[in-house]
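Computation of the quantities below employed the complete heavy-atom set of this structure, encompassing side-chain atoms and omitting hydrogens, waters and symmetry-equivalent molecules. Quick caveat: nothing in here was measured; it's all calculated off a predicted structure.
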Amino acid sequence: MNTPNPALVTVRGARRLPRLPLLLLCAAYLLPGLVGRDPWRNADLTAFAQMAAIADGRTAWWAPTLGGVPADTALLPHWLGAAFILAGSHWLEPAVAARIPFVILLGLTFALVWYSSFHLARTDAAQPLPFAFGGEADPLNYARAIADGALLALMATLGLLQLGHETTPELAQLAAMSLLLYALAAAPFRHRQARAALLAALPLLAGSGAPSMALAAGAGAWLVCRRSHYAPARALQPWIAAALLAAALLAAALGAWHLRTEALSLAGAGRLVRLWLWFLWPSWPLALWTLWRWRHQLADRHLAVPLVPVVVAFMANVAMAGSDRALMLGLPGLAVLAAFALPTLSRSAAAAIDWLSMCYFTLWALVFWVLYCALQTGVPAGTAANLARLLPGYSSRFSAPALVLALLGTGAWVAVVRWRTGRHREALWKSLVLPAGGVALCWLLAMTLLLPALNYARSPRPWVDRIAALLPPGACIAAPGLATPEVAALEAVGHRTVDARAAAAAGPCPVLLLTARGHPRPAPPGWQLLGTVTRPTDRDDETTLFRRAAAPPGPR
């Protein structure tokens, strides 16, 4: 016979994760990649270029442009990055300065997920069943253990790894959605904090480029509070209405009302399912297990509250034809749901998670070390030859601090594996230590051992340097119709003035830049060929440069 509440937790099972190892794990996740790398291509580079243009005064704060073309951008996150660039202009590289507030936002997301889970686990329906003769977990200790599990689940989720380390508006949206999650979770216990968080969360989400998601999340929050058994939560309804109004007005003032919906094809549906399977791993199987084992409490706060961001993110993901950045906003809620699976997991399920994580991440760590040895020493020869073919022109560099950090991280992983494979079976969060630690280890190794090679492959600097070698110093570039990331690379990395408007060729710039796939572009009338440039890691993408032909002498 199934009991309504499936959680049975002992005193030893509710032990909290020691704070120092948890903080070191968070640092290993947050800090690598903060310094020593360029903004990478596409969204990360485009966002940084807009922030740098605002900070340098090359474009207006209220109407930013790249290459003279208006940018469809979320203003609040770009203002934040520009402000940090200005504040650190005398002592920090602009890319590092712009990255700092987004590292802080990710750290804030971690803290908000922890406290949200802690408050939700304190509610009556979430508490484990009492034992007949005592020995059950203390409510506060149980809540702390669930919160530790939720934080580990968030760090272990694969989809957060790269997007969480970019300098893009979606990270501000993630922090805002986490703030809404905290406001709903803390409402029965922290009345003033919950109201303040709510009034900030929805406007920040709208001002960061997701006004439709802000309205949908606010509607879900209102429904959850309306059905709540807690009077302070029901009293939050007028505050939700005020926050929704503020979000709508702020989005209108910032010009953020842009629908980005796209019809989903049959092939797109298949890609969407594959995205869900890897992007949400390992949180999604645990979250589904939670919904099954706690199915009698689906209307209770510890399940209904985290379902709000999850449902909104899935709806946006489908409406935007599989946008992983929209799906990322559901990760805080999904991590909370995954944490409530931990009190109900069987020993065999926990062991399967441990062995899979240990084998998977140890294998990836070995791959990183083999690649590093091949880059530095040429051994194994086959691997070194493959890398030379993938990275033509790359010259490896040795960094002693990077090697020391990588060795320390690998040693910590070995210690964690030995600890987990020992006789440590009581704590609720034990099954998520290896997944979270493995993800942090892989990111640390990538940002230490392989960072120069990754920079060469993913940074636009090699391409920009090849272009600069053909141009006179300070010459502006006419690049009509050039893709936004390429414009961003030339402006932010190459420090060139670029005119990307449709009529740029008729402007004053003495250099014309045209791109093509697979073949060079012929010289337009009035222009002479300067040269053709390819990316080191993509020889099919050709950039052709022209200089303005000298006008023929007139009749005497």
Mind listing the closest non-hydrogen atom pair of [X] and [Y] along with its distance?
X	Y	value
Leu512	Pro480	CD1-CD, 3.6 Å
Gly322	Leu275	O-CD2, 3.4 Å
Val113	Leu151	CG1-N, 4.4 Å
Pro462	Pro536	CB-CG, 3.6 Å
Ala147	Ser117	CA-CB, 3.7 Å
Ala74	Ser208	CB-O, 3.0 Å

For this session: Would you please test Thr290 and Leu303 for side-chain contact (heavy atoms from CB on, under 4.5 Å) and show each step?
Result: CA-CA 9 Å; Thr290 294; Leu303 300 182; 3.6 Å; yes
Exercise. After noting the C-alpha distance and the side-chain angles of Arg496 and Val511, does the key distance pass the side-chain contact (heavy atoms from CB on, under 4.5 Å) rule?
Worked result: CA-CA 11 Å; Arg496 294 279 178 173; Val511 176; over 6 Å; no
Is there a side-chain contact between [X] and [Y] in this structure, where contact means two heavy atoms from C-beta onward sitting under 4.5 Å apart?
X	Y	answer
Glu486	Leu490	no
Val69	Val487	no
Arg325	Thr168	yes
Leu30	Leu106	yes
Leu45	Val493	yes
Tyr182	His119	yes
Leu327	Trp276	yes
Glu166	Leu163	yes

[X] side chain vs [Y] backbone, donor-acceptor pair below 3.5 Å:
X	Y	result
Trp284	Leu277	yes
Thr59	Thr65	yes
Arg41	Ala457	yes
Gln50	Leu66	no
Arg192	Arg190	no
Arg195	Leu236	no
Ser89	Leu86	yes
Thr167	Phe48	no
Asp148	Leu17	yes
Thr109	Leu105	yes

For this session: Apply side-chain contact (heavy atoms from CB on, under 4.5 Å) to the pair Phe279 and Leu331, showing each step before the final yes or no.
Result: CA-CA 10 Å; Phe279 192 90; Leu331 295 185; 4.2 Å; yes
Problem set entry | Residue list, side-chain hydrogen bond (donor to acceptor under 3.5 Å, both in side chains) with His302, at least two apart or on another chain | none
Seminar exercise, completed: Residues passing the side-chain hydrogen bond (donor to acceptor under 3.5 Å, both in side chains) test with Asn455, sequence neighbours excluded, are Trp40
[atom1]-[atom2] distance between [X] and [Y], expressed to the nearest 0.5 angstrom:
X	Y	atom1	atom2	value
Leu454	Asp38	CG	CG	12.0 Å
Leu444	Leu449	CG	CG	8.0 Å
Phe102	His165	CZ	NE2	14.0 Å
Met328	Leu334	CE	CG	13.5 Å
Ile85	Arg99	CD1	CZ	10.5 Å
Trp463	Asp465	CH2	CG	11.5 Å

Exercise. Below 6.0 angstrom between ring centroids: does that apply to Trp62 and Trp79?
Worked result: yes
For this session: For the pair Tyr230 and Phe189, name the ring-plane relationship: parallel under 30°, tilted 30 to 60°, perpendicular over 60°.
Result: tilted
Exercise. For the residue pair Tyr115 and Phe118, does the interplanar ring angle fall in the parallel (under 30°), tilted (30 to 60°) or perpendicular (over 60°) class?
Worked result: perpendicular
Seminar exercise, completed: The side-chain contact (heavy atoms from CB on, under 4.5 Å) partner of Tyr29 among Leu441, Leu161, Leu154 is Leu161
Does atom [atom1] of [X] have more than 12 heavy-atom neighbours from other groups under 6.0 Å away?
X	atom1	result
Arg58	CZ	yes
Glu93	CD	no
Trp278	CH2	yes

For this session: Please test Ile477 against Thr497 for side-chain contact (heavy atoms from CB on, under 4.5 Å), starting from the C-alpha separation and ending with a verdict.
Result: CA-CA 6 Å; Ile477 300 172; Thr497 300; over 6 Å; no
Problem set entry | Contacts of Cys476 that satisfy disulfide (SG to SG under 2.5 Å) - sequence neighbours left out | Cys509
